Amino acid sequence: MALSYLAYTSIASEGLTQDDVLAIFESSKRNNEQRNITGILVHGDNKFLQIIEGEKPVVEALYARLLNDARHGNVVKLAEGKLTKRFFPNWSMGLQAVDGTEFSAIVKLFGGERVTPHKGQLALTLVQGFVLTNIQFI
């Protein structure tokens, strides 16, 4: 089956704490490992950017569940497309904390509503590079 990715942003629900974010990360790691999903969760300035990658039907089903998750709202799909290889192959879920400026810069990599498959792939490459050079183990 073909690999695909999906990237979205959202706003954390009011009152969501750092401990809550860590709990989301831990449960995502467990659940994604069972579904052969990989990716990264970037959070900063009370916002999330998540990239998930795996078999297309599994990615789509996960995204459908995420749309109804009460821990965040204002979900906006930034990009989706096919992959020839995973960008985060060793992480059932990675976690990266950033400040508000870094978060905005990462989201802008996806180019807003005019994302083409090529721009989406380029954004994934840039996010991967940013994460791997700024990784923080939590």
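Each residue takes its place number in the sequence, starting with 1. Here the structure is a predicted model, which is why all the values come from computation and not from measurement.
Across Arg86 and Leu83, no two heavy atoms sit closer than the pair CA-CD1, 4.4 Å. Listed here is the closest heavy atom pair of Asn74 and Ile11: ND2-CD1, 3.4 Å. Contact detail for Phe48 and His43: the closest heavy-atom pair is CD2-CB, 3.6 Å. Contact detail for Asp20 and Gly15: the closest heavy-atom pair is OD2-O, 3.9 Å. Of all the heavy atoms in Pro89 and Glu53, the pair that sits closest is N-OE2, 4.1 Å. For the residue pair Phe88 and Thr38, the shortest heavy atom distance occurs at O-CB, 3.1 Å.
In this structure, the side chain of Gln96 does not engage the main chain of Ile40 through any donor-acceptor pair within 3.5 Å. Although no hydrogens or angles enter the test, the distance criterion places no donor-acceptor pair under 3.5 Å between the side chain of Gln34 and the main chain of Asn31. With Asn32 contributing its side chain and Ile37 its backbone, the two residues share no donor-acceptor pair below 3.5 Å.
With rounding to the nearest 0.5 angstrom, the CG atom of Leu95 is 9.0 Å from the CD atom of Glu26. The structure places OH of Tyr8 at 12.0 Å from NZ of Lys77, a figure rounded to the nearest 0.5 Å. To the nearest 0.5 angstrom, Leu49 atom CG is 11.0 Å from Ser104 atom OG. For the atom pair Lys56 NZ and Glu80 CD, the distance stands at 6.0 Å (nearest 0.5 Å). Atom CG of residue Leu3 and atom NZ of residue Lys85 lie 11.0 Å apart, to the nearest 0.5 angstrom.
Within the 4.5 Å cutoff, the side chain of Ile52 has heavy atoms near those of the Met93 side chain.
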**OP:** List the steps, then state whether side chain to side chain contact (heavy atoms under 4.5 Å, CB included) holds for Val42 with Lys47.
**Re:** CA-CA 8 Å; Val42 178; Lys47 298 174 189 163; over 6 Å; no
Original post:
When you look at Asn36 and Val58, which way does the side chain to side chain contact (heavy atoms under 4.5 Å, CB included) test go after all the steps?
Top reply: CA-CA 9 Å; Asn36 199 24; Val58 180; over 6 Å; no
Atom pairs and distances, donor-acceptor, side-chain atoms in residues 65-73, under 3.5 Å, two or more places apart:
unit_1, atom_1, unit_2, atom_2, d
Asn68, ND2, Ala64, O, 3.3
Asp69, OD1, Arg71, N, 2.9
Asp69, OD1, Arg71, NE, 3.0
Asp69, OD2, Arg71, NE, 3.2
Asp69, OD2, Arg71, NH2, 2.6
His72, ND1, Ser10, OG, 2.7
His72, NE2, Leu66, O, 2.7

